[in-house]
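These notes are about the structure you will find just below.
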Amino acid sequence: MAAMLFRNSSLTNLSIIRQSPIPMTHFLAATTLIIIAVIYFTFRSNSVYLVDFSCYLPPEYLRAPHSHFHEHFDAVGAFDTESLDFLIKVLERSGIGVEASEPLSLHEIPAAPSFSRSLEETKEVLFTVVEELLSKHNLNPKSIDILVSNCSLFCPTPSIPSLIVNKFGFRSNIKTVSLSGMGCSAGMLSISLVKDLLKVHKNSVALVLSMEAVTPNGYIGNVKSMLIANVLFRMGGAAVLLSNRKQDKQKAKYKLQNLVRTHMGSNDKAYHSVFQKPDDAGHVGVSLSRGLLHVAANALRTNILELGPQVLPYSEQLRYGWSVIRQKIWGRKKVYVPNFKRAFEHFCIHAGGKAVIDGIEENLRLGKEDGEASRMTLYRFGNTSSSSLWYELCYLEAKGRVKKGDRVWQIAFGSGFKCNSAVWKCISDLDPTVRNPWSDIIHLYPVQIPEVFDR
């Protein structure tokens with residue numbers, strides 16, 4: 001009896017299935033569509049678009065030619081003869097031209113590196129770039145959802161984001177973050193932070209502000225490793241508008257493809273390679289070690305080991321892998337350096353100094369034309385710290401070199417020691433005639449930079 005009931009039940013169920021294939025087909029189709037839709041919108045919502053950015057163009061009266069430094073170094077009265085000669089020697093070989101600018105306080109004799117003058121510099125730079133960016137896109141300040149600033153050596157209270165919120169009237173529930181002490185790579189750290197925040201806060205617009213205040217950071221001692229910063233750093237800053245909103249894709253310039261952060265701080269030499277400290281006389285400054293270029297090369301190599309598999313063609317990865325195997329088995333000295341021109345059309349190397357740009361070009365086997373934007377930025381604006389990468393991208397845009405579909409690799413270095421890199425893909429047809437800090441004189445560049453400037 002039980003067997004008969006089971007058989008009858010099975011036949012009944014089978015009959016039902018056979019009689020109703022359409023509901024099952026609909027169920028499977030609907031399930032598949034739901035899964036596809038979930039995957040599609042999940043990945044789509046994680047896109048980060050660079051809508052636009054603005055760089056600070058100092059007025060002409062803030063230019064600091066080499067003669068300005070000669071005069072001020074003498075007037076300080078704190079440097080001995082050896083230090084003065086060293087400063088002038090570094091300046092003449094720095095690759096920085098006569099148009100690079102200093103804040104107004106450092107044009108005075110004696111210089112006035114007070115807190116209030118530092119705040120004035122910060123306001124001058126950031127108020128200008130934020131106003132320019134908001135006005136250009138007719139953007140209401142209350143539409144900004146996230147605000148992140150980075151300024152390594154000047155950290156006032158209230159914070160820099162609070163300064164901006166107060167000036168422009170951002171709304172009360174805006175998410176703000178102030179990064180300090182992160183060095184010249186902090187701009188990429190800010191982008192990384194915003195990228196993570198945009199994963200959580202959907203349909204949002206973010207504003208990133210990158211600068212370094214030059215006013216409070218002059219060194220008046222006689223330790224050579226701490227004197228170099230007096231010559232390299234100049235006034236500058238940038239505002240970057242980012243979004244994950246679908247409607248902003250149509251007007252955005254770039255889409256963030258990759259972002260890799262590398263921190264070498266567990267190594268003592270790397271940790272101390274860029275270090276703020278007092279000298280024996282109590283004068284505070286930033287020391288740049290002799291091994292800095294070697295540290296930067298190691299940091300870049302580590303960064304590339306993670307970034308490479310994400311961006312390089314398989315052929316380049318195979319050639320690199322095979323060269324590593326040959327080195328380990330047969331003791332070959334040289335490891336193949338991948339051709340990064342097959343992954344990127346443009347390179348923005350942090351304009352930290354002439355030696356930094358030369359070193360990266362050599363390590364990556366790039367041509368002089370690949371480092372042109374970095375060299376010209378260093379020449380005209382000096383080392384503007386975390387904002388230098390945006391001046392370089394401005395240069396490439398003003399030259400009309402960035403085309404839709406092109407990929408741009410930004411490489412930043414900073415204290416810690418850190419190497420951070422971002423890859424952007426151009427998703428719009430860019431107009432090179434749109435005004436930016438390079439527009440008025442872009443036809444004069446590139447220029448031939450002398451190995452040593454005349455006194």
Side-chain angles (χ1 to χ4, degrees), residues 50 95 185 188 191 253-262 293 296-324 326-327 332 334-379 388-413 419-430 432 438 442 445-449:
L50 195 167
S185 67
M188 292 298 98
I191 299 294
K253 288 184 172 183
Y254 303 93
K255 179 181 177 181
L256 183 61
Q257 297 285 96
N258 311 88
L259 200 152
V260 175
R261 294 169 52 177
T262 301
L293 293 180
N298 286 338
L300 178 62
R301 191 175 300 114
T302 304
N303 188 273
I304 288 174
L305 286 175
E306 183 176 347
L307 179 66
Q310 301 176 33
V311 298
L312 285 169
Y314 290 126
S315 58
E316 290 297 311
Q317 295 187 47
L318 286 172
R319 292 184 69 179
Y320 171 76
W322 176 239
S323 72
V324 172
R326 288 193 305 170
Q327 184 191 50
R332 298 288 179 91
K334 291 186 177 180
V335 174
Y336 174 72
V337 178
N339 182 4
F340 284 96
K341 292 185 182 182
R342 297 192 61 189
F344 313 111
E345 285 73 32
H346 310 285
F347 301 84
C348 294
I349 304 165
H350 169 53
K354 182 174 175 292
V356 173
I357 300 171
D358 290 343
I360 301 307
E361 281 182 350
E362 182 180 351
N363 277 277
L364 297 181
R365 296 188 180 176
L366 302 177
K368 294 297 181 184
E369 68 279 3
D370 300 310
E372 180 184 312
S374 303
R375 274 196 177 79
M376 295 306 107
T377 295
L378 180 66
Y379 176 78
S388 68
L389 296 176
W390 302 110
Y391 285 94
E392 294 165 23
L393 191 52
C394 269
Y395 179 88
L396 293 171
E397 289 185 358
K399 278 290 185 183
R401 294 178 183 171
V402 184
K403 309 297 182 183
K404 188 174 182 179
D406 284 359
R407 295 151 298 179
V408 182
W409 185 15
Q410 291 181 317
I411 309 170
F413 299 96
C419 174
N420 302 315
S421 61
V423 179
W424 303 93
K425 182 177 181 179
C426 181
I427 58 175
S428 295
D429 293 314
L430 304 183
W438 289 97
I442 192 63
Y445 284 82
V447 298
Q448 185 65 38
I449 303 174

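Nothing here was measured: the structure is a model prediction, and the numbers come from that model. Residue numbers run from 1 in the order of the sequence given.
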Run the side-chain contact (heavy atoms from CB on, under 4.5 Å) test on E372 and Y395 for me, step by step, so that the C-alpha distance in whole Å, both residues' side-chain angles and the decisive distance to 0.1 Å come before the verdict.
CA-CA 9 Å; E372 180 184 312; Y395 179 88; 2.4 Å; yes
Taking it one step at a time, do R401 and E369 satisfy salt bridge (charged side-chain N to carboxylate O under 4.0 Å, His left out)?
CA-CA 12 Å; R401 294 178 183 171; E369 68 279 3; over 6 Å; no
Given side-chain contact (heavy atoms from CB on, under 4.5 Å), test Q310 with V423 step by step and report yes or no.
CA-CA 10 Å; Q310 301 176 33; V423 179; over 6 Å; no
How far apart are the C-alpha atoms of R301 and N363, what are their side-chain angles, what is the distance that settles it, and do they pass the side-chain contact (heavy atoms from CB on, under 4.5 Å) test?
CA-CA 9 Å; R301 191 175 300 114; N363 277 277; 4.2 Å; yes
Could you check W409 against L364 for side-chain contact (heavy atoms from CB on, under 4.5 Å), going step by step and ending with a plain yes or no?
CA-CA 12 Å; W409 185 15; L364 297 181; 3.8 Å; yes
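Taking CH2 of W424 as the reference point, atom CD of Q257 lies at 10.0 Å (rounded to 0.5 Å). The structure places SG of C419 at 11.0 Å from NE2 of H350, a figure rounded to the nearest 0.5 Å. Going from atom CG of L378 over to atom OG of S388 covers 9.0 Å, rounded to the nearest 0.5 Å. The distance from the CG atom of L430 to the NZ atom of K404 is 10.0 Å, given to the nearest 0.5 Å. In this structure, the separation between CG on L393 and CG on L50 is 7.5 Å, given to the nearest 0.5 Å. Atom NZ of residue K403 and atom NE2 of residue H346 lie 8.5 Å apart, to the nearest 0.5 angstrom.
A pairwise comparison of heavy atoms in L312 and N339 identifies CD2-O, 4.1 Å as the closest pair. Taking both residues in full, the closest heavy atoms of S428 and C426 are given as O-SG, 3.1 Å, listed atom of the first, atom of the second, then distance. For the residue pair A351 and S374, the shortest heavy atom distance occurs at CB-O, 3.8 Å. Closest non-hydrogen pair, V260 versus N303, comes out as O-ND2, 3.1 Å. Listed here is the closest heavy atom pair of L396 and C348: CD1-SG, 3.9 Å. Of all heavy-atom pairs spanning R407 and R342, the tightest one is NH2-O, 3.8 Å.
Each of D370, I349, L293 was evaluated against I360; a single residue qualifies, I349, per the side chain to side chain contact (heavy atoms under 4.5 Å, CB included) test.
Side-chain N or O atoms of E361 include none that pairs as donor or acceptor with a backbone N or O of L366 at under 3.5 Å. In terms of modelled atom types and a separation under 3.5 Å, the side chain of K399 and the main chain of Y445 share a donor-acceptor contact.
Using a 4.0 Å cut-off between charged side-chain N and carboxylate O, D358 and R375 make a salt bridge.
Side-chain contact check for E316 versus F340: every heavy-atom pair is 4.5 Å or farther apart. With a 4.5 Å cut-off on side-chain heavy atoms, S185 and M188 do not count as touching. Residues W438 and T377 form a side-chain contact, since some pair of their non-hydrogen atoms from C-beta on lies under 4.5 Å apart. At least one side-chain heavy atom of K253 sits less than 4.5 Å from a side-chain heavy atom of E397. Annotation: side chain of Y254 is not in contact with side chain of I427 (no heavy-atom distance under 4.5 Å).
Ring pair F344/F347 is perpendicular by interplanar angle, where above 60° counts as perpendicular and below 30° as parallel.
Residue Q317 places its CD atom among more than 12 non-hydrogen atoms of other residues, nucleotides or ligands, all under 6.0 Å distant.
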